[in-house]
Trainee: 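Questions regarding the structure given below will be posed in turn.
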Amino acid sequence: MGKTIITCAITGAVHTPTMSEALPVNADMIAEQAIAAAKAGAAILHLHARHPDTGAPTVAPEHFAEFLPRIKAETDAVINISTGGNPVMTVEERIPAARQFSPEMCSLNMGSMNFALHPMADKYDTWKNDWEEGYIKGSENNIFRNTFQDIRMVADALGGPEHRVKFEHECYDVGHLYNLKFCLDRGMFKAPIFLQFVLGILGGIAADIDNLVFMKRTADKLFGDDYQWSVIGAGAQQMKLAAVGAQMGGHVRVGLEDSLFIARGELATSNAQQVEKVKGILAAQGNQIATPQEARAMLGLKGADAVNF
Ligand code: KMH
Ligand code: ZN
């Protein structure tokens, strides 16, 4: 079995400042926690930005500019910029930062879906910022739009010779694997492709081991040997699915974007704490952790010298 790549997703667009003091909600927190996560063993850092005044998710390149150079200066980690933005934006709105900074990797969401966070609102009576309650409750009506045309637009904008971005293909359900196969057969992506199985989002497939096995078996059928894969267990199943996924030969993603917890009922104090925990689990299972350079070789990345920040 090859080495295991740990991706850490530092802040995302799912959680809001009220939910955890540890959630990075400005550029300093994003930079500090990303650097610490890389030092703890994350080879890839999946990054969103937050607005400095409100902690709300933002896709403005100026907000990414506040932390990307700092992370690059202090770590060798692969930078992966989200093209998911938040679930109510169009793809056009979500990609300017990736275009400007030309990172080694970007996420690419492989299908349209409900992307609902509203059950989380039940836990909170008061909110730190005005935008949060509406953002979470309003998600009952979210359609996270990623049509075939949207996917082609991102592939054309970032995957070609100008940027040579490698995609983290986010697949939230089995149908998304078939969407990817369709695109791959039309020559839109180069091998080795990197699949991220995202289990546990309300609107996608649930986070359990049967579903992980089903996703993996379907990917084997569609892509043969020519792919790398990783797993996100969103929410409470984060560490369990990482453990099982790594035993099955997959890579793993942790981070406060995907779960705010370190154990049942206990909030994580940082992204690095989750990286340390998964590293311990992997070590106990006999999985070896990939360095950023090893991750670059496995995924065929263009290299840190070819980014634009
Ligand atoms: N928050 C994850 C479930 C993206 O950034 O493109 C999905 C995600 C999307 O990471
Ligand atoms: Zn993300």
Side-chain angles (χ1 to χ4, degrees), residues 7-16 19-20 23-24 30 33-34 37 42 44-50 56-59 63-64 67 78-98 101 103 105-117 120 135-136 139 142-147 150-151 153-155 157-159 165-173 176 179-180 194-207 211-212 215 230-238 241-242 251-261 271 274:
T7 297
C8 188
I10 302 295
T11 186
V14 165
H15 298 119
T16 71
M19 297 175 182
S20 168
L23 182 72
I30 292 170
Q33 289 210 30
I44 301 176
L45 298 168
H46 170 95
L47 295 169
H48 295 237
R50 295 273 177 166
T58 162
V59 289
H63 298 311
F64 282 88
F67 56 77
V78 174
I79 302 294
N80 169 333
I81 293 182
S82 170
T83 68
N86 79 39
V88 291
M89 287 171 173
T90 65
V91 157
E92 276 293 1
E93 290 169 321
R94 297 186 224 147
I95 61 174
F101 298 112
M105 296 185 76
C106 285
S107 59
L108 176 47
N109 294 276
M110 293 311 299
S112 302
M113 59 189 288
N114 294 344
F115 198 116
L117 317 171
M120 288 188 215
Y135 183 78
I136 296 297
S139 69
N142 278 0
I143 299 171
F144 186 29
R145 187 193 142 138
N146 300 285
T147 64
D150 293 336
I151 292 167
M153 260 190 45
V154 179
L158 302 171
V165 164
K166 174 68 68 177
F167 294 109
E168 174 194 12
H169 293 281
E170 309 236 11
C171 297
Y172 300 77
D173 216 323
H176 294 181
N179 294 352
L180 175 56
F194 181 54
L195 271 59
Q196 188 68 263
F197 299 150
V198 188
L199 279 64
I201 297 296
L202 183 57
I205 201 166
N211 287 340
L212 177 60
M215 293 286 279
S230 174
V231 62
I232 299 171
Q237 303 308 316
Q238 182 181 56
L241 288 192
H251 306 291
V252 303
R253 180 169 126 174
V254 294
L256 300 185
E257 170 166 348
D258 303 327
S259 168
L260 293 173
F261 292 87
N271 280 278
Q274 289 186 347

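Residue indices begin at 1 and follow the sequence shown. As the structure lists them, so they are numbered: ligands from 1, and atoms in each ligand from 1. In what follows, every heavy atom counts, from backbone to side chain, and hydrogens, waters and symmetry copies are set aside.
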Trainee: Heavy atom to atom 4 (C) of ligand 1, shortest distance: which of Ser82, Gly235, Cys106 holds it?
Mentor: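 Among Ser82, Gly235, Cys106, the closest heavy atom to atom 4 (C) of ligand 1 belongs to Ser82.
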
Trainee: At a 4.0 Å cut-off, with the gap strictly under it, does some heavy atom of Glu168 reach an atom of ligand 1?
Mentor: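 Outside the 4.0 Å threshold, so no.
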
Trainee: So which heavy atom in the protein is nearest atom 2 (C) of ligand 1, and how far is it from that ligand atom?
Mentor: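 Among all protein heavy atoms, the one nearest atom 2 (C) of ligand 1 is Glu257 OE2, 3.3 Å.
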
Trainee: Closer than 4.0 angstrom: is that true for some heavy atom of His48 and an atom of ligand 1?
Mentor: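 His48 counts as a contact of ligand 1 under the 4.0 Å cut-off.
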
Trainee: Check all N, O or S atoms of Glu257 and name the one closest to the Zn ion (ligand 2).
Mentor: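 Nearest to the Zn ion (ligand 2) within Glu257's N, O and S set: OE2.
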
Trainee: Quick one: ring-ring contact (aromatic ring centres under 6.0 Å, His included) partners of Phe101, sequence neighbours excluded?
Mentor: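 Result, ring-ring contact (aromatic ring centres under 6.0 Å, His included) vs Phe101: none returned.
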
Trainee: Are a donor atom and an acceptor atom from the side chains of Thr11 and Arg50 found within less than 3.5 Å of each other?
Mentor: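 Side-chain D/A pair, Thr11 to Arg50: present.
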
Trainee: Nearest 0.5 angstrom please: Ile30 CD1 to Leu45 CG, how far?
Mentor: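 Taking CD1 in Ile30 and CG in Leu45, the distance rounds to 11.5 Å.
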
Trainee: Under 4.0 Å, heavy-atom basis, I'd like to know which part of Asn109 is in contact with ligand 1: side chain, backbone, both or neither.
Mentor: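 The answer is the side chain.
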
Trainee: Verify, without hydrogens or angle tests, whether Ser139 (side chain) and Asn142 (backbone) share a donor-acceptor contact under 3.5 angstrom.
Mentor: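 Here the side-chain-to-backbone pair does not exist.
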
Trainee: Taking 4.0 Å as the limit for heavy-atom contacts, which would you say applies to Ile232 with ligand 1: side chain only, backbone only, both, or neither?
Mentor: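 For Ile232, there is no contact with ligand 1 at all, from either part.
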
Trainee: Between Asn109 and Gly111 (side chain of the first, backbone of the second, donor and acceptor by atom type, cut-off under 3.5 Å), is there such a pair?
Mentor: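 Checking the backbone N and O of Gly111 against the side chain of Asn109, no donor-acceptor pair under 3.5 Å is found.
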
Trainee: Starting from atom 7 (C) of ligand 1, which protein heavy atom do you reach first, and at what distance in Å?
Mentor: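 Result: Tyr172 OH, 3.0 Å.
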
Trainee: Strictly distance-based, threshold 3.5 Å: is any side-chain N or O of Ser82 a donor or acceptor partner for the main-chain N or O of His48?
Mentor: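 Checked: no pair found.
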
Trainee: When you compare ligand 1 with His46, is there at least one nitrogen or oxygen pair between them that comes in under 3.5 angstrom?
Mentor: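 N/O-N/O distance under 3.5 Å: yes.
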
Trainee: Does any N/O atom on Phe144 come nearer than 3.5 Å to any N/O atom on ligand 1?
Mentor: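 No - when backbone and side-chain N and O of Phe144 are compared with those of ligand 1, no distance drops under 3.5 Å.
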
Trainee: So if I apply the side chain to side chain donor-acceptor pair (under 3.5 Å) rule between Asp258 and each of Gln238, Arg253, Gln274, which one comes out positive?
Mentor: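 Exactly one pass, corresponding to Arg253.
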
Trainee: Can you give me the NE2-the Zn ion (ligand 2)-NE2 angle for His48 and His46, to 10°?
Mentor: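 Rounded to 10°, it measures 100°.
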
Trainee: Using the test salt bridge (charged side-chain N to carboxylate O under 4.0 Å, His left out), find all partners of Asp173 that sit at least two apart in sequence or belong to another chain.
Mentor: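 For Asp173, no residue satisfies salt bridge (charged side-chain N to carboxylate O under 4.0 Å, His left out) once neighbours in sequence are set aside.
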
Trainee: Could you tell me whether Arg253 approaches ligand 1 through its side chain, its backbone, both or neither, with non-hydrogen atoms closer than 4.0 Å?
Mentor: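 For Arg253, only side-chain atoms sit under 4.0 Å from ligand 1.
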
